[in-house]
Visitor: 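Shown below is the structure under consideration.
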Amino acid sequence: MQDRRSFLTTSLAAGVAAVASSRIAIGSVTPPPGNKHELPTLPYDYAALEPHIDAQTMKLHHDKHHLAYVNGLNKAEEMLALARSSGDYALIQHWTKQATFHGGGHWLHSMFWKTMAPAGNGGGGEPDGKVKELIRDSFGTYATFRKQFTAAALSVEGSGWGLLHYHMEDERLVIGQAENQQKLTTWGAIPVLGIDVWEHAYYLKYQNNRQDYIEAWWNVVNWKQVEMNLLYLL
Ligand code: MN3
């Protein structure tokens with residue numbers, strides 16, 4: 001989201017300077033036609049989140065799992081473009097679902113990496129500023145929020161995500177779950193923080209103990225990035 005924002009700001013400035021340019025491209029998760037989605041680089045080393053999240057998990061998770069979603073999304077978009085050009089929509093349901101699944105994976109993982117930072121060096125602690133204020137208004141206290149979020153993430157059925165959304169209409173934060181990467185979507189609510197609770201996110205270090213993984217993850221939450229995600233929406 002922040003990439004999009006800074007791109008937009010730059011584009012707008014450039015647009016004002018060069019009124020002759022006919023159209024201002026807006027950067028986002030969706031690249032312009034013909035361009036491919038790309039795997040973003042991790043903002044830190046694989047081992048940077050140790051001991052809370054181990055290097056081997058980070059490497060596999062980013063280099064293999066996230067890459068598979070990027071490739072899956074590119075493939076789905078390619079097939080949808082082919083359907084448009086050929087007029088053959090026989091497989092439209094399949095490719096639309098694939099685009100949603102892989103697109104959800106690409107978007108959520110891109111957010112996931114950015115909203116973590118090494119413990120004590122950008123990660124952990126409690127939020128301040130606007131996030132603190134909205135958590136208080138939406139849940140009462142930080143402790144209450146954390147308890148509900150942990151319980152929600154812990155109880156995601158099968159593979160999925162625990163998510164903190166900003167609800168655009170209600171102007172408050174809400175805690176949600178996603179099954180896989182896309183099911184149980186709450187309309188009008190945009191994620192600003194999320195924890196991946198697919199087994200691939202924790203099984204090497206925590207085996208079946210999802211609770212210990214979630215408790216460890218709180219030590220690497222990058223609240224500054226959460227605030228930037230939030231301020232972008234306000
Ligand atoms: Mn994952």
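All ligand and atom numbering here is 1-based and tracks the order in the structure.
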Visitor: Hey, are Arg210 and Glu215 close enough for a salt bridge, meaning a charged N less than 4.0 Å from a carboxylate O?
Guide: no
Visitor: Output the atom name for the N/O/S atom of His200 with the smallest distance to the Mn ion (ligand 1).
Guide: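 In His200, the heteroatom (N, O or S) nearest the Mn ion (ligand 1) is NE2.
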Visitor: Would one find an N, O or S atom of His109, in either backbone or side chain, under 2.8 Å from the Mn ion (ligand 1)?
Guide: yes
Visitor: Just checking, is any N or O donor in the side chain of Asp196 or His61 under 3.5 Å from an acceptor N or O on the other one?
Guide: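 The answer is yes; a qualifying pair exists.
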Visitor: For Glu179, look at atom CD and say whether over 12 heavy atoms of other residues, nucleotides or ligands are found less than 6.0 Å away.
Guide: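 Yes, enclosed.
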Visitor: For the Mn ion (ligand 1), which N, O or S atom of His61 is at the shortest distance?
Guide: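 The atom in question is NE2.
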Visitor: Please tell me whether Tyr206 and Trp217 form a close aromatic pair, meaning their ring centres lie under 6.0 Å apart.
Guide: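 Between Tyr206 and Trp217, the centre distance exceeds or equals 6.0 Å.
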Visitor: What N/O/S atom of Asp196 is the closest to the Mn ion (ligand 1)?
Guide: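 Atom name of the closest N, O or S in Asp196: OD2.
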